[in-house]
There are 2 protein chains.
Amino acid sequence: MSHVRYRRLMAVDRDHVLRSAAALLTRKSTATMDEVARAAGISRATLHRQFAGRDALVRALEALGIAECEAALAAARTDEGSATDALRRLVAAIEPHAPLLAFLYTENQLFEGEEQNEGWAAIDERIAALFRRGQSSGEFRIDLTPAWLTEALYGLLASAAWAVAEGRVAPKDFTHMIVELLLGGVRRPEEPASRKES
Amino acid sequence: MSHVRYRRLMAVDRDHVLRSAAALLTRKSTATMDEVARAAGISRATLHRQFAGRDALVRALEALGIAECEAALAAARTDEGSATDALRRLVAAIEPHAPLLAFLYTENQLFEGEEQNEGWAAIDERIAALFRRGQSSGEFRIDLTPAWLTEALYGLLASAAWAVAEGRVAPKDFTHMIVELLLGGVRRPEEPASRKES
DNA sequence: CGCACGTGAGACATCTTTGTCTCATTCGGG
DNA sequence: CCCGAATGAGACAAAGATGTCTCACGTGCG
């Protein structure tokens, strides 16, 4: 029943621990509970008091990632304006959370049989809906399925996050790189005035 | 059963073990040595006799992946013809090895500090050179760096491999999905005859 | 002041995986 | 027919991670 009042020493606020864990696990996905605890500046015992085990921690991180994705989707207002602009807004909104997303994306790959959090299904659907909307409006090509485009967006986000983390590309180009590649591809657009050859 | 004549019982040919391990680890990257051995149809003892440890196994898989990438690069003749066609050939040549590549790609992310096999650097360079060539020839846009395009190609290959493995997209669309997205992006090309609006 | 609560430190047993070893078996070849 | 080589089965210890527990400390609050 306790909420906020006597909140002075119970500290170690869960949110700070989660974000520290996200930052660490993003870089080293095999970090131990002890490393996670040290990264958050708390003891392993305290970490265990907040998250029953490693599974609980990962599931909490998953919930955090889902919440941040949903917040990004809401902030980007993906059903307003052109699908192109909506996609730009979406990537820009997700950018700060890309490292965590990259961690969760690969983490999900090794769950093999187990069903994944249903929260992802809802997010997948909202992103796929954005691509579908773009296809319906004629902005997007229709020979690539929304499911694949959604998957590709995740893949590009993860790739970009890693490339930035390892210094292979500049952080400031993050959104531009993803959005431009996803929207226009690598092929150079033919200039309307002077066209070269088909 | 042995294609080699000078040693009939040395069997358990290393290649079969490697490919079994690749197939298993692609689906479950945390599989134990015992699971890998069973998947290859041999005992853990024999597996250990061929690969000193898990590290040695992963390094052997890395070498296999590198060899297959180099073979794909050679088969695609990436320095002949248009960069666009070369990219199509390259993706088509890599397609069969995409699951292994996806495994190695994520495996490399958690090496944190340790230097990665220098073989990858050579492959990265050859792929980046293809993108550079396309930029020089005017086929590709120049506002996306070859380093990012190379990274994006890896990401799309991995995403597609997973999406196919989990049944989210059709296997037969593999090459088309990747090449088309990478080359043209999702934006619908404007028709030369009737243009809508910019 | 003294109590209560959350924390850090660390001991501890358990579990999993790994790496090494031994031994019996099988199979082909001399 | 017998020998050598490779394998499978399994025991074994070591290492690492996890989960649980106890205890002492310090700080806020009554």
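Below, read A as the first sequence line, B as the second, and so on, with proteins coming before strands; counting in each chain starts at 1. As the structure is a computational prediction, the values presented were derived from the model and not from experiment.
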>> Is it the case that the side chain of B:Glu139 and the backbone of B:Thr84 share a donor-acceptor pair, with hydrogens and angles ignored and the cut-off at 3.5 Å?
In response: yes
> Is the side chain of A:Thr26 donor-acceptor paired with the backbone N or O of A:Ala22 at a distance under 3.5 Å, no angle test?
Replying inline: yes
> To the nearest angstrom, how far is B:Gln50 atom CD from C:dG19 atom P?
Replying inline: 15 Å
>> Walk me through whether B:Glu151 and A:Trp162 qualify under side-chain hydrogen bond (donor to acceptor under 3.5 Å, both in side chains).
In response: CA-CA 9 Å; B:Glu151 204 77 28; A:Trp162 285 327; over 6 Å; no
> Excluding sequence neighbours, so at least two apart, what forms ring pair (Phe, Tyr, Trp, His ring centres under 6.0 Å) with A:Phe174?
Replying inline: none
>> Going by ring pair (Phe, Tyr, Trp, His ring centres under 6.0 Å), name the residues that satisfy it together with A:Trp148, two or more places apart in sequence or in a different chain.
In response: none
> Expressed in angstrom and rounded to an integer, what is the separation of A:Arg49 atom CZ from D:dT18 atom P?
Replying inline: 17 Å
Every protein N/O within reach of nucleotides 11-17 of chain D N/O, cut-off under 3.5 Å:
none

> Tell me: CG of A:Leu47 to C1' of C:dG10, nearest whole Å?
Replying inline: 16 Å
> Which whole-number value in Å describes the distance from B:Phe51 CZ to C:dT18 P?
Replying inline: 15 Å
> If you check every side-chain atom of B:Ser43, which of D:dG8, D:dC21, C:dT7 has the closest atom?
Replying inline: D:dG8
> How many Å lie between CG on B:Asp55 and P on C:dG19, as a whole number?
Replying inline: 7 Å
> C:dG19, D:dT20, D:dA9: which one has an atom nearest the side-chain heavy atoms of B:Ala45?
Replying inline: D:dA9
>> Check whether B:Arg141 reaches the backbone of A:Arg188 with its side chain - one donor and one acceptor, N or O, closer than 3.5 Å.
In response: no
>> Expressed as a whole number of angstroms, how long is the span from B:Asp34:CG to D:dG8:C1'?
In response: 12 Å
> Has B:Thr46 got a side-chain N or O lying under 4.0 Å from the OP1 or OP2 atom of D:dG8?
Replying inline: yes
> Please give, in whole Å, the distance from D:dT18 P to A:Leu57 CG?
Replying inline: 10 Å
